[in-house]
Engineer: 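Okay, handing you the structure first.
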Amino acid sequence: MKKIALIDDDEVHIRHYSDALETQGFSTSIASNVGEALKLNYMDFDLVVCDLMMPSDDFFQNTETNRGLMTGLRIAEFFHSDGCLVPIVLLTNLNIPNVLDDVDVEVQKMQNVLVMRKTEFNPIEFAQVALDLIEGNRVSKLPPSLGTRLANSIEIKAPVIPGFLSVDLIKLAGKKT
Amino acid sequence: MKKPTLADEVQIERQKLIQEMAPVLMHEMQSHLVNARNAAELIKYNIESASNLHPTKLSIYCDDILRSLQSCVGTLDAFVNLNTDVARSRNRKPVSMDEVGTLLRQCLQMFRASSVEFELRIAAEPKTTFALDRRFFEHVVLNIVQNAAKFAKKGTRVHVSSKLTNGCLNTLVKNVVDSKATADAHLWMDAGYARNPSGAGHGLTIAKQITNEMGGELNLSFEPHRDKGLSTVELHFKVPVT
């Protein structure tokens, strides 16, 4: 059974994802704050789904002044810091252009990290995306805005067709080291 | 060119607040709507796939939708009323002294790179809750703490305390400054000086105006020391709570 870690301080949102993923045969573990997230044994998971914007609870420097806008990125850095590149999906509704630009810059420097908008998938649809990400399958019919972000964060081997993007996610779902 | 009046500046400050708050409120509303949509999608999926969705689970999803929509309506209401006088009373949300402490701590952390130390004291009434406009409170606190960080003598300690007294939340920011700065500080509260070209005190004047709009008071006092050319400055920020 594929295991997915869900990290989000919005308990309603995370419960919906957990319900949907478990309906589709995944096993999920939930962390509702940074403290719980950092205690997760992330090497046990096939995929980590994390909210981008959460209170950092003083666990990370430089996020307090950004009001927790980048907390998800800091968690991703922490998980990847020992070379275990478990795929991480950062979910967000963030709509502040300057901050989004900063996030893009940081994500481009990272491996196996994707940013997805919460509006673009419902939890049931996300279950299929999660499966594709874990199994390294092609994810098709991605919304254009997500396609742009994917193009920035992973290697694209298929031509980009506006509104109907096909992306090779093998690099994203690469083997754990 | 006509010199802006204090009313003009307050209006500009309000516009800035709206610009700052708009993306935050939009984000909040979007989160609520996404939760409502997700709950509805889960119900739809379970019906379509003829799964045996337990009635309790169905009830929880319906509650999620209702609560999310209610929150969304509340956020939209706050947004619509952001620039009206009504907003001042409607934006009052229940907070506890614990939350006031967290808010103050967050404000102080923003200035931890300054050349002064901060000491924070919160009255030990963590469970007492009261209605307060957090946005305005934060705005004023940020302003007075910023002034303290800016003008306090290097290497000294800035004392920040907050407590409930007689239906008011009293916040005190106390620091030591050079006497020359004390004289300037005295002028901060004067609207005329507040708009001088250097901009000194501009923010504090606006903070005072916002405090007045909250029905509170923002007062400055200073006590010259007998020697060393130093003075102690105290900023009293008092706001009524219910």
Engineer: Looking at CD1 of A:Ile124 and OG of B:Ser49, how far apart are the two atoms once the value is rounded to the nearest 0.5 Å?
Structural biologist: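 Here the interatomic distance stands at 7.5 Å.
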Engineer: Return the OG to NE2 distance between B:Ser68 and A:His16, rounded to the nearest 0.5 Å.
Structural biologist: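 Going from the OG atom of B:Ser68 to the NE2 atom of A:His16 covers 7.0 Å.
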Engineer: Please look at A:Asp10 and chain B and tell me whether the side chain, the backbone, both or neither of the residue comes under 4.5 angstrom of a heavy atom of that chain.
Structural biologist: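 Side chain only.
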Engineer: Against A:Arg15, only a single residue in B:Asn38, B:Asn35, B:Asp64 fulfils side-chain hydrogen bond (donor to acceptor under 3.5 Å, both in side chains); can you say which?
Structural biologist: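 Of all the options given, the one that passes is B:Asp64.
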Engineer: How long is the straight-line distance from OG1 of A:Thr23 back to CG of B:Asn46, given to the nearest 0.5 Å?
Structural biologist: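 Result: 6.0 Å between the selected atoms.
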Engineer: Does CD belonging to A:Glu11 count more than 12 external heavy atoms closer than 6.0 Å?
Structural biologist: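 At most 12 heavy atoms, drawn from other residues, nucleotides or ligands, come within 6.0 Å of this atom.
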Engineer: Calculate, to the nearest 0.5 Å, the distance between atoms CD and CZ belonging to B:Glu41 and A:Phe126 respectively.
Structural biologist: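 Between B:Glu41 CD and A:Phe126 CZ, I get 15.0 Å after rounding to 0.5 Å.
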Engineer: Please give me the minimum heavy-atom distance between B:Gln30 and A:Asn93, naming the atom from each residue.
Structural biologist: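 Minimum heavy-atom contact is OE1-O, 3.1 Å.
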Engineer: Pairing donors with acceptors under 3.5 angstrom, does anything connect the side chains of B:Tyr45 and A:Glu125?
Structural biologist: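 No pair is found: no donor N or O on one side chain lies under 3.5 Å from an acceptor on the other.
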Engineer: Spell out the residues in residues 54-61 of chain B that have some non-hydrogen atom less than 4.5 Å away from a non-hydrogen atom of chain A, in order of number; otherwise answer 'none'.
Structural biologist: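 At a heavy-atom separation under 4.5 Å, chain A is reached by B:Lys57, B:Ile60, B:Tyr61.
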